[in-house]
Each structure stands twice: as C-alpha cells, then as structure tokens.
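Residue indices begin at 1 and follow the sequence shown. These figures come from a predicted structure and were not determined experimentally.
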Amino acid sequence: MNHYEKYPLHLTNSLSGKKELFTPVNAGHVGMYVCGPTVYSDVHLGNVRTFLSFDVVFRFLLHLGYKVRYVRNITDVGHLENDGDEGEDKIAKKARLEKLEPMEVVKHYTDDFHEVLRQFNLLPPSIEPSATGHIVEQIEITKKLIDQGLAYVVNGSVYFDVLKYNEHHNYGVLSGRVVEELMESGRKLDSQDEKKNKVDFALWKKASPSHIMRWPSPWSIGFPGWHIECTVMSTKYLGETFDIHGGGIDLKFPHHECEIAQSVGATGKPPVKYWIHSNMLTVNGQKMSKSLGNSFLPRELFSGTHSLLDKGYGPMTVRFFMLQSHYSSTLDFSNEALQAAEKGFRKLSNALVLIKKLVHPGGSIKHTALDDALLKLVDELYKNMCDDFNTAKTLAVLFEMSARIYDFKSGNTSLSDVGSNTFEGFKEGYITFMEAVLGLKSEEEHNQELLSGVIQVLIDLRKKAREDKNYKLSDKIRDDLKAMGVQLMDGKKGEMSYTIE
C-alpha cells in the first residue's frame with residue numbers, strides 16, 4: 001500500500017485560500033511546476049528558501065508513493081528590468097555590461113544556481129526547460145490568443161487584452177485584484193504607450209536595434225514576454241491542467257495571474273488545481289533587500305563574511321533553520337536565531353548518527369506502552385507533513401524522537417524493552433524523515449560529500465588538461481592534491497581514482 005492511501009494530504013490552495021484535500025488530476029501521478037530563476041545574478045537566500053520549500057514538497061510526495069514529474073524552468077530571456085513590459089532585458093543588460101554573449105551569462109549563473117542548490121542538498125527537478133528553448137511554442141500560443149480575439153498587435157509587439165478577457169473570465173481570481181481598481185491606480189497611459197489599456201501585458205515585444213536577444217516572428221524580430229514562457233513550458237510537460245504550481249509569493253501578481261489568463265484564454269481550462277506560494281525572508285524584522293544592505297548570498301552565510309553575521313553557518317544548519325518555519329510564513333534571520341538553529345540541528349544530527357549504529361538485540365516481547373509511544377511518534381511525522389507540509393511540527397516530533405534515541409544510547413531505556421519490529425519502524429522513520437523527506441544530513445556526512453565533489457572537479461580539470469596536452473597544469477593539480485593528502489591514481493584506460501591519506 002502506498003503511504004498516500006493511509007495518510008491523505010491536505011494543502012493550502014492559494015486559489016481558494018483554504019486547506020483542501022489533495023486529489024491529483026491522474027491518480028498516483030503528480031505534475032508540479034515551480035517558477036525557476038532568471039539567471040543574470042548570484043542566487044540570494046530568498047530564492048533558496050523558495051526552491052528549498054518545494055524541494056521538501058517534491059521529496060514528501062515521492063515518499064508518499066506518488067510518481068512525480070517536477071518541472072522547474074530557467075528564465076533566460078524576456079524578464080525586463082522593471083518586471084513589466086518596459087526597460088532592458090536583465091540578461092541582455094548583464095551581457096552588455098560585461099561584454100559577454102547572453103548565453104555566456106546564462107551558463108555562468110545557471111551553473112552557480114545549480115551549485116548553490118547542491119550545497120543545500122536540493123534534488124534536481126525531473127525537467128528543467130529554458131525559455132529560449134521554447135520560442136516556437138511561445139509564438140504559437142500567441143497566434144492562438146490573437147485568433148481568439150484576446151491579443152492584439154501594435155507596431156510589431158503583441159499584447160494580451162485583459163479587459164476583453166475579463167468580459168467572460170476573472171482576471172484577479174488568484175491575487176484578488178480587481179481590474180477596475182487596477183485601471184484607476186498608478187500612472188495613466190501616455191501617447192508613447194502602445195497598449196490599449198494599462199493592465200494589458202506583453203506576449204511578444206519588438207526588439208529595438210540595440211537589443212541583442214532577438215528572434216523572428218510573424219509580427220517582428222523580437223523576443224517573448226516574461227509571463228508567456230511559464231504557460232508554454234508548464235502545459236507542454238504537464239498538460240493543459242496539472243496539479244501544483246509553486247513559486248515565491250512575489251510572483252502571485254502579476255506573473256501567476258497572467259499565466260492563468262493566458263492558459264484559460266488559450267485552452268478554456270484552468271491550468272492548475274493547487275497554487276502554493278512560499279513567503280519572504282526578513283532580517284532582524286526588516287524586509288531582505290539589496291538596497292538595505294541586508295541581503296545575503298549563500299557563500300556569505302557559510303563564511304560569515306557578511307557584516308550582519310557574527311560567524312558562518314553550514315548549509316545543513318541553514319536548511320534546518322528554514323524548515324523551522326512553515327513555508328507560508330515569513331522567516332526572520334538573526335544571529336540569535338541562527339545560533340539556536342545550529343544547536344538544535346546538532347542535536348538532531350547527532351541522534352541521526354547514533355540511531356544508525358543502534359542494533360536491536362532481537363527476540364520477541366509483549367507489546368508495551370513504550371511500543372505504542374514510539375509508533376505514535378512515527379505516525380505523527382506523517383500526519384504533520386500531510387497537514388500542508390508542516391515542517392515546523394515535523395521537526396518538533398523529530399526532537400521528541402531524538403530524546404528517545406539518546407535514552408537508548410545511554411541505557412536509560414533498554415532496547416530489549418521494545419519490540420524489534422517497533423524499533424526498526426522507529427529507526428526507519430527517523431532516518432527517512434531526516435534525510436529523504438527533510439533533506440537533512442549530519443554536517444560530517446555533508447562535508448565529506450562536498451570534499452568528494454571538489455576532488456572530482458579537480459580530477460575532471462586534470463583530465464581536460466591531459467587531453468589538451470597541458471601537462472604542466474595536469475602535474476600541478478596532481479602534486480597539489482598530493483600535498484593535501486589526496487593521492488591520485490591513473491588507470492590504464494585513462495580513468496582516475498583517488499585515496500585520502
């Protein structure tokens with residue numbers, strides 16, 4: 001029996017604002033789409049919290065027994081400076097400033113994004129499509145919206161007609177925004193504005209002569225709008241209606257609202273059953289932002305080099321800290337909170353190491369109240385995670401379990417006082433929820449994996465140096481590693497292995 005048959009999952013749907021019983025579009029299968037990064041700058045901690053939140057959702061759905069297709073996109077075109085329809089493309093601007101090709105910028109920051117998430121022990125998605133890889137599909141859906149009278153062409157650009165859409169649908173169904181109020185607020189259209197209405201948004205933009213990211217279309221040489229990419233990629237890989245769409249709360253409007261309008265306009269169907277949004281980070285009670293100087297890069301958090309930090313913290317400590325708060329709640333960073341998290345995680349981490357070494361002596365005994373207490377704790381792990389992925393309450397149960405583990409280790413409670421099946425279920429539950437569900441490892445194990453990863457990178461660099469006949473660099477890598485106690489061994493067929501002395 002799958003766990004999801006025993007433990008029904010309830011989640012808070014941003015669309016209704018209510019907690020709902022989760023029922024997938026296709027029984028036993030889950031399609032999940034999360035808006036990924038715009039790859040033009042370093043990954044900030046706020047981004048990490050969003051992707052970490054959905055990593056736990058992904059992990060728990062897998063553990064419950066669902067077959068999950070998790071799609072997380074890469075935005076590598078169309079996201080303009082003001083998050084609207086004007087200004088310069090963020091990636092193109094970065095490329096121009098650094099005198100690089102745009103795809104060089106994309107490659108650099110995509111690699112950085114992946115490395116940061118690897119350090120935090122996030123699982124890779126099932127599919128990671130990019131906006132530039134789906135230009136044709138974005139043009140096709142734009143054609144469809146024009147044909148249905150929901151989009152119009154002006155001077156080579158194409159805009160979605162929100163007022164036309166709102167005649168038969170509800171633009172604002174997710175965010176609660178009212179079109180009439182949006183029309184009245186903010187600036188008025190000026191003579192230079194191409195849009196019919198200020199609330200309309202771009203599906204395709206004609207490129208200026210200086211714009212370096214550009215593709216041919218029926219309307220102009222140009223580039224797609226920001227919102228259309230997610231509509232295209234989510235429906236292509238998950239279908240016209242899929243289960244879960246996630247992202248940071250800042251994307252609810254206008255990005256996700258526009259996605260709904262585009263999808264409903266093109267297919268006549270609501271694209272998503274359950275919308276989930278993670279909340280923002282604050283620092284000492286203030287919103288985290290670059291302008292306030294309180295925005296952290298992960299490496300600053302690990303090294304402790306940020307001016308607001310007293311010391312550095314390991315990736316697993318930071319992951320644990322983020323999981324102490326429900327994904328929909330704001331999370332406040334402070335030295336005191338991080339220090340408390342470090343102590344708390346150390347307790348759980350040490351218990352994880354201990355329970356892996358504990359072996360039940362065997363034999364059968366009468367089922368006791370202790371058996372019931374241990375089994376109840378495992379049951380509570382599932383019930384708390386099935387209650388809208390409540391990691392905070394799940395960690396509270398793990399703390400109770402860690403106290404039991406320390407009692408077993410010290411001898412305060414004898415392993416022979418509990419049934420072997422009960423103990424094995426308790427042991428499996430603790431390890432599974434720590435590692436497979438919450439993605440937490442002991443820092444010792446995590447640091448060993450990081451070391452192995454770094455050594456492998458150097459081995460790959462040495463292989464490349466040898467292929468390029470750069471023997472000076474090849475020998476230097478070998479000698480430097482040897483000086484640090486890492487002995488490389490070359491195989492007959494060019495393979496390399498190593499030992500640590």
Side-chain angles (χ1 to χ4, degrees), residues 1-11 21-22 28 55-68 121 123 316 319-320 323-324 326 343-446:
M1 182 177 73
N2 290 308
H3 291 303
Y4 64 75
E5 294 173 345
K6 181 179 180 182
Y7 296 100
L9 171 64
H10 292 78
L11 50 80
L21 175 66
F22 178 66
D55 177 65
V56 173
V57 172
F58 181 36
R59 286 171 175 272
F60 188 56
L61 289 171
L62 289 172
H63 177 67
L64 286 177
Y66 288 108
K67 184 175 182 180
V68 185
N121 196 31
L123 298 176
M316 288 298 98
R319 183 179 178 109
F320 169 82
L323 295 176
Q324 285 181 299
H326 190 267
K343 292 178 182 178
F345 174 65
R346 188 179 297 122
K347 182 177 181 179
L348 294 186
S349 178
N350 290 341
L352 180 63
V353 174
L354 286 176
I355 199 168
K356 286 181 177 181
K357 297 176 181 178
L358 290 177
V359 179
H360 195 275
S364 59
I365 64 169
K366 184 179 179 180
H367 194 86
T368 66
L370 179 57
D371 288 79
D372 290 335
L374 297 184
L375 293 174
K376 182 181 178 183
L377 287 171
V378 176
D379 190 58
E380 287 177 356
L381 290 175
Y382 283 96
K383 288 181 177 178
N384 285 324
M385 279 301 292
C386 283
D387 182 17
D388 200 20
F389 310 104
N390 198 322
T391 56
K393 287 186 176 180
T394 302
L395 285 173
V397 176
L398 288 170
F399 273 111
E400 290 186 55
M401 296 175 77
S402 71
R404 299 280 188 173
I405 293 167
Y406 286 116
D407 281 343
F408 284 130
K409 176 62 179 176
S410 67
N412 289 338
T413 303
S414 173
L415 281 171
S416 60
D417 290 341
V418 64
S420 59
N421 289 339
T422 296
F423 177 73
E424 290 305 319
F426 175 83
K427 179 178 181 177
E428 180 185 358
Y430 189 85
I431 294 171
T432 297
F433 273 78
M434 279 287 289
E435 294 185 335
V437 175
L438 298 184
L440 294 167
K441 302 178 182 179
S442 69
E443 287 286 8
E444 181 181 338
E445 289 178 296
H446 188 65

Give me the atom names and distance for the closest heavy-atom approach of [X] to [Y].
| X | Y | result |
| --- | --- | --- |
| Pro8 | Cys386 | O-CB, 3.4 Å |
| Val378 | Gly425 | CG2-O, 3.9 Å |
| Lys441 | Phe345 | O-CZ, 2.9 Å |
| Thr368 | Asp417 | OG1-O, 3.8 Å |
| Gly439 | Met316 | O-SD, 3.7 Å |

Check against side chain to side chain contact (heavy atoms under 4.5 Å, CB included), Arg319 and Val56: CA-CA 11 Å; Arg319 183 179 178 109; Val56 173; 3.9 Å; yes
Donor-acceptor pair, distance only, cut-off 3.5 Å: does the side chain of [X] make one with the backbone of [Y]?
| X | Y | result |
| --- | --- | --- |
| Asp407 | Thr413 | no |
| His360 | Leu415 | yes |
| Asp387 | Asn390 | no |
| Ser349 | Arg346 | no |
| His63 | Phe433 | no |
| Tyr406 | Lys347 | yes |

Steps toward side chain to side chain contact (heavy atoms under 4.5 Å, CB included) verdict (Ile355, Met434): CA-CA 12 Å; Ile355 199 168; Met434 279 287 289; over 6 Å; no
With rounding to the nearest 0.5 angstrom, report the [atom1] to [atom2] distance, [X] to [Y].
| X | Y | atom1 | atom2 | value |
| --- | --- | --- | --- | --- |
| Thr394 | Tyr382 | OG1 | OH | 11.5 Å |
| Leu381 | Glu400 | CG | CD | 9.5 Å |
| His326 | Asp388 | NE2 | CG | 3.5 Å |
| Arg59 | Thr432 | CZ | OG1 | 12.0 Å |
| Tyr430 | Leu398 | OH | CG | 6.0 Å |
| Phe408 | Leu374 | CZ | CG | 5.0 Å |

Test item: [X] and [Y] side chains (from C-beta on) under 4.5 Å apart, heavy atoms:
| X | Y | value |
| --- | --- | --- |
| Lys409 | Asn350 | no |
| Val418 | Phe426 | no |
| Leu440 | Leu395 | yes |

Check ion pair Asp372-Lys376 (N to O, under 4.0 angstrom): no
Distance-only side-chain donor-acceptor flag, Asp379 / Tyr7, under 3.5 Å: yes
Stepwise side chain to side chain contact (heavy atoms under 4.5 Å, CB included) test for Leu370 and Thr422: CA-CA 9 Å; Leu370 179 57; Thr422 296; over 6 Å; no
Within the 6.0 Å centroid threshold, strictly below: Phe60 and His3: no
Side chain to side chain contact (heavy atoms under 4.5 Å, CB included) between Leu9 and Leu61, intermediate numbers included: CA-CA 9 Å; Leu9 171 64; Leu61 289 171; 3.8 Å; yes
Exceeds 12 heavy-atom contacts within 6.0 angstrom, atom CD of Glu428: no
